[in-house]
Protein chains: 2
Amino acid sequence: MSEKDLDTANKIKQAASALFLEKGFGRTTTRDIASAAGVNLALVNYYFRSKEELFKTIMMETVQGFIGQLHVLMNDQHTFEEKVELFVSNYTELLKKRPDLPIFMLSEIRNHPEEMAERLGIEQIIKEAKFFQELAQRCPDGIHPVHLFMNLISMTVFPFIGKPIISVGAGMDNETFILMMEQRKQLVPQWFLSMLKPQTEG
Amino acid sequence: MSEKDLDTANKIKQAASALFLEKGFGRTTTRDIASAAGVNLALVNYYFRSKEELFKTIMMETVQGFIGQLHVLMNDQHTFEEKVELFVSNYTELLKKRPDLPIFMLSEIRNHPEEMAERLGIEQIIKEAKFFQELAQRCPDGIHPVHLFMNLISMTVFPFIGKPIISVGAGMDNETFILMMEQRKQLVPQWFLSMLKPQTEG
DNA sequence: ATTTGATTTAAACAAATGTTTAATCCAAAT
DNA sequence: ATTTGGATTAAACATTTGTTTAAATCAAAT
């Protein structure tokens with residue numbers, strides 16, 4: 001259904017995206033891509049100038065979409081607490097569907113760090129976001145707001161990245177893992193918000 | 001100094017390790033490796049049967065060492081609070097020196113998930129660790145200890161993984177980033193331990 | 001019906017790459 | 001001094017892989 005009515009360029013992009021995600025750039029061949037897309041090999045270079053260019057296109061759109069969610073979320077009409085909950089649950093849902101996304105993005109991003117950052121304009125997105133102003137206000141003295149933002153991202157995203165080690169180490173099956181991620185939709189915001197309360201020094 | 005007195009096999013392993021870490025398996029060529037090690041191309045296949053085998057060897061030793069630290073740490077004679085602090089500061093120091101390690105391990109681990117896990121015996125290491133027994137005892141009702149362990153790893157490791165995005169997004173240079181990681185040696189244990197205290201619901 | 005231009009195909013090309021071979025070197029043992 | 005066996009080298013081999021070419025196909029416009 002949804003594959004057949006795509007035009008050729010999109011069939012290639014979709015197939016390539018899946019393969020890049022699964023095996024990375026270096027281990028994916030143009031013949032793999034053409035085969036998976038069900039199109040002639042030459043069409044990969046016909047529609048996208050090269051494998052590298054195809055990769056850049058896909059990477060850009062992927063990261064764009066990933067950050068885009070953030071942009072909207074951070075500026076809309078919810079309370080601070082709601083924003084936190086939405087952040088965690090939105091990204092948890094996304095990562096449940098596409099658990100390979102973070103590693104793919106982060107592992108390949110190092111090859112074009114400055115270029116990537118510039119094109120995406122992450123700096124503006126983050127600095128202009130209301131969420132950060134609100135976070136900075138509520139932040140305990142002496143603790144940089146970025147610390148807390150790191151914690152929020154870390155606790156939300158890392159379990160998916162570390163799943164192969166953690167879940168095996170803890171001896172849990174996939175079902176149990178997903179269940180825990182569901183629990184974390186509530187737990188992570190609680191932990192995060194408690195970090196904003198003045199600590200009882202120990 | 002330290003490079004010249006290595007025997008050939010170790011020169012190859014060391015060079016290959018750096019290259020795999022930097023560019024991944026697919027983008028690293030055997031000629032790159034031989035050249036970086038300063039040895040003849042054929043010696044790569046002479047000492048290690050193939051590029052794949054060389055990779056597996058390096059990967060296994062790397063992960064082994066990474067987990068090994070954990071094993072010692074988790075069972076020695078420190079108090080629970082000390083173990084937490086040691087966990088964070090040890091891995092922070094390690095990641096300051098080798099920030100590419102987590103992505104390398106995690107991105108390539110998916111290709112051999114079951115085999116990897118079995119050989120490492122992560123399951124035993126984790127389950128037998130005193131740290132986990134202590135953690136389970138102190139864990140608030142209804143919250144699985146693995147949740148909290150995830151948080152500890154996440155807050156310690158993820159900032160290094162996400163550095164390319166986070167530090168650019170926040171507009172900070174490398175020096176500032178390292179400074180923050182130093183701060184986190186104290187902060188992460190505080191946050192982590194506060195998660196063990198009964199929450200004031202709200 | 002013809003033309004036009006984009007799309008698709010099979011085939012080939014050129015370079016890169018993992019691997020092997022056969023000869024050479026070299027140090028230790030006899 | 002000779003021998004022996006591992007270590008090293010230059011060269012070649014066989015595939016793989018990204019890319020290109022030139023012909024064929026097809027749909028829309030004239």
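Atom set for the values below is all heavy atoms of this structure, side chains included, hydrogens, waters and symmetry mates excluded. Quick note on labels: first sequence line is chain A, next is B, and so on, each numbered from 1. It should be emphasised that the depicted structure is a prediction, and the values quoted were computed from it without experimental measurement.
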## Note on the structure
Winner on side-chain proximity to Leu43(B), out of dT8(C), dT19(C), dT8(D), is dT8(D)
### Task
For Tyr91(B) and Phe66(B), indicate whether the former's side chain and the latter's backbone hold a donor-acceptor pair under 3.5 Å.
yes
### Interatomic distance where NZ belongs to Lys23(B) and C1' belongs to dA16(C) [whole Å]
13 Å
#### Entry: Minimum-distance nucleotide (side-chain atoms of Tyr46(A) versus dG18(C), dA12(C), dA6(C))
dA6(C)
### Query
How close or far is atom C1' of dA7(D) from atom CG of Asp7(B), stated in whole angstroms?
12 Å
### Atom-pair distance (CD on Glu52(B); P on dT15(D)), nearest Å
19 Å
### Query
Below 4.0 angstrom from OP1 or OP2 of dT19(C), is there any side-chain N or O of Asn45(B)?
yes
### Query
Does a side chain donor of either Asn45(B) or Lys51(B) reach within less than 3.5 Å of an acceptor in the other side chain?
no
### Task
Quickly work out the Arg27(B) CZ to dG18(C) P distance and round it to whole Å.
14 Å
### Task
Return the value, rounded to whole Å, for the distance between atom CD1 of Ile12(B) and atom C1' of dT9(D).
13 Å
### Query
Is the shortest side-chain N/O distance from Asn40(A) to OP1 or OP2 of dT7(C) below 4.0 Å?
no
### Distance-only side-chain donor-acceptor flag, Ser35(B) / Asp32(B), under 3.5 Å
no
### Summary
To the nearest angstrom, the CG-P distance between Leu41(A) and dC13(C) comes to 16 Å
### Task
Respond yes when some side-chain nitrogen or oxygen of Thr8(B) is under 4.0 Å from OP1 or OP2 of dA7(D), and no when none is.
no
### Query
Atom CZ of Arg49(B) and atom P of dT19(C): how far apart are they, to the nearest Å?
9 Å
## Note on the structure
Between NZ of Lys51(A) and C1' of dT16(D) the distance, given in whole Å, is 11 Å
### Message
Need one value for Phe48(A): base, sugar-phosphate or nothing, where a base atom within 4.0 Å counts as base even if backbone is also close, heavy atoms only.
### Response
nothing
### Message
Does a side-chain N or O of Thr30(A) approach OP1 or OP2 of dG18(D) to a distance below 4.0 Å, or not?
### Response
yes
### Side chain of Thr29(B) (C-beta onward), nearest among dA10(C), dG18(C), dT17(D)
dG18(C)
Distance-only check: which donor-acceptor pairs under 3.5 Å involve side-chain atoms of residues 149-157 of chain A, not counting sequence neighbours?
{"residue": "Asn151(A)", "atom": "OD1", "partner": "Arg184(B)", "partner atom": "NH1", "Å": "3.2"}
{"residue": "Asn151(A)", "atom": "OD1", "partner": "Arg184(B)", "partner atom": "NH2", "Å": "2.5"}
{"residue": "Ser154(A)", "atom": "OG", "partner": "Met150(A)", "partner atom": "O", "Å": "2.6"}
{"residue": "Thr156(A)", "atom": "OG1", "partner": "Leu152(A)", "partner atom": "O", "Å": "2.7"}

### Query
Looking at dT9(C), dT19(D), dT19(C), which one has an atom nearest to any side-chain atom of Arg31(B)?
dT19(C)
### Message
Strictly distance-based, threshold 3.5 Å: is any side-chain N or O of Lys185(A) a donor or acceptor partner for the main-chain N or O of Ser89(A)?
### Response
no
